[in-house]
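Each ligand, and each atom within it, is numbered from 1 in the order the structure gives. We number each residue from 1, following the sequence as shown.
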Amino acid sequence: MVVSEEQVATLVGLSVLRQGGNAIDASVAMGFALAVTYPRAGNLGGGGFMLVHLAKTGETLAIDYREKAPLRATRDMFINQAGEVDMEKAQKSIYSSGVPGTVAGLSLALQKYGTISLEKALAPAIRLAEEGFEVSAELRKSLLNAKERMEKSTESMEVFFKNKGEPPKEGEILRQRNLARSLKEISKNGPEAFYGGAIAKKIAVYMKKEGGLITERDLTSYKAVIRKPVSGNYRGYEVYSMPPPSSGGVHLIQMLNILENYPLRQYGHNSTRYVHILSETMKLAYADRSKHLGDPDFSTVPTQQLISKRYAKRLANRINFEKTTPSKYIGPGDPLAESGTDTTHFTVVDRYGNIVSNTYTLNFPYGSGLSVPGTGILLNNEMDDFSAKPGTPNAYGLMGGEKNSIAPGKRMLSSMTPVIVLKDKQFFLATGSPGGSRIITSVLQVILNVIDHKMNIRDATSASRIHHQWFPDILYMEKEAGKNLSGQLRKKGHKVKITTPIGSTQSIVMINKLLYGATDSRRPGGMAQGH
Ligand code: DON
């Protein structure tokens, strides 16, 4: 079974499985294919996280291929003369990009846990880039939205707007010849093509010409890392997710631990009491995120304390049932004493019982909008996920502190939350989502919907979602939940705002040994296929 946000990529994954490949083979092929067919988030010039469960050994592991700050990056590089964060520079410039990790991450996954060659895994992506594929209405729309950022890049314009500045029409064939050439380089020479060979040279030349920071040394020294996932137990289910430098897994488990103290099923899905408890829980977790989380290779993250049941109990005791606690009265806890806009997730389970839950991104749709000349490769704008200045929110309204400050070679904090849930060591659920700061809460609600509210995966996916991230102190609600409840929640003191769709989860569950997949209709174009 394969679930992704883009149909062609789902079919690529399915065909790998049908030929006897395992979930890792299918995922790597999809990871490369999405770079072609879903260029707003699929990528070679970005990074992400892959959670893998191996049936044979029962082991679950996390591949961290998050981007890193270039070696010449400096702590205050986004602060202008007035002492303010220069958003344009952080989000839309040559300086916005971290050193890409995707090619290293996907290659590592395949080499360690796959069964097919890199050449084979890349073949569908190469064909799609060379021969082209039909442009969907959604792709055209997303290109129009990102045009302003891409206009600064000749390469991006030549690929996506060559019709006198117009993106391809729905149904037109989009070919990406330079990208095909880059993919072929990788197929022929391995990931070294990207990190030391022809592509690395092109990246370094472009950076030098534009005054950017990424050098060949940044690329040769980039390594994807295999980490131990964070894990917890929620009502008898084993939950595995991404450890730092993602904040996703830590806070997902922390929130589940807090919520385990309440009879959520009894409250009823999206009842006033339920939304209140969820929102208060979310605030506590996001407050902790602002202080305690960062790249574990640079500072100590108190992961085990943050995900301990004892700490969760203490936090649960702080929740007032009757009234909301304004965010300004909530600070990060002390666990030691105690537009978003674009990323994509896919989930694969194979016949052997291997599981992959992968989220990767360029950050914004089409990243910084800039492509490396001659390569067809769009660059990420992940540097904005660092805390450029304490107390100043990033594009997702997230604030951070010292542990997430910019430093050479450091990974910026992420919210991406690929998850795998087991029950009695057997596969039960895997999911993940795009949505910036809203990723963690989207994934949380899918898990609660399935485990507490006993929904099937389709209903669990489509059910109306809510989100709170401590600051801004706003309870975001999707239309339907908000329509019914906003009045009662306002009485409890919540500042409610009806918001655009929250997340786009791509999930698989297993019930009575059968797999059920669900893509999320919040974003069109996704597909769940297989069995
Ligand atoms: O790593 C992160 O948390 C962000 N760069 C993710 C961005 C994102 O999800 C945008 N998507 N919708």
(message) Using a 4.0 Å cutoff against the non-hydrogen atoms of R523, which atoms of ligand 1 qualify?
(response)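 Under 4.0 Å from R523, ligand 1 has these atoms: 12 (N).
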
(message) Within ligand 1, which atoms have a heavy atom of I439 less than 4.0 Å away?
(response)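 Those atoms are 9 (O).
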
Any N/O of [X] closer than 3.5 Å to an N/O of ligand 1?
| X | result |
| --- | --- |
| G435 | yes |
| Y396 | no |
| G436 | yes |

(message) Against the six-membered ring of Y366, is R149 placed for a cation-pi contact (under 6.0 Å from the centre, within 45° of the normal)?
(response)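 No.
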
(message) Given the ring of Y95, does K89 sit roughly above its face, with NZ or CZ under 6.0 Å from the centre of the six-membered ring and within 45° of the axis?
(response)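 Yes, K89 and Y95 form such a contact.
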
Any Lys/Arg nitrogen of [X] or [Y] sitting under 4.0 Å from an Asp/Glu carboxylate oxygen of the other?
| X | Y | value |
| --- | --- | --- |
| D288 | K283 | no |
| R465 | D520 | yes |
| E402 | K410 | no |
| R66 | D385 | yes |
| D384 | K92 | no |

(request) With heavy atoms under 4.0 Å as the rule, classify the contact between L413 and ligand 1 as side chain, backbone, both or neither. (result)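 For L413, no heavy atom sits under 4.0 Å from ligand 1.
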
(request) Pick one of side chain, backbone, both or neither for how M412 approaches ligand 1, counting any non-hydrogen atom pair under 4.0 Å. (result)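 No part of M412 comes within reach of ligand 1.
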
4.0 Å heavy-atom contact, [X] with ligand 1:
| X | value |
| --- | --- |
| F364 | no |
| R40 | no |
| R66 | yes |

(message) Quick test of your reading of the structure: of T359, D342, T343, whose heavy atom lies closest to atom 6 (C) of ligand 1?
(response)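 Result: the heavy atom closest to atom 6 (C) of ligand 1 is in T343.
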
(request) Please confirm whether H53 and Y113 have ring centers closer than 6.0 angstrom. (result)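 Aromatic pair excluded; centres sit 6.0 Å or further apart.
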
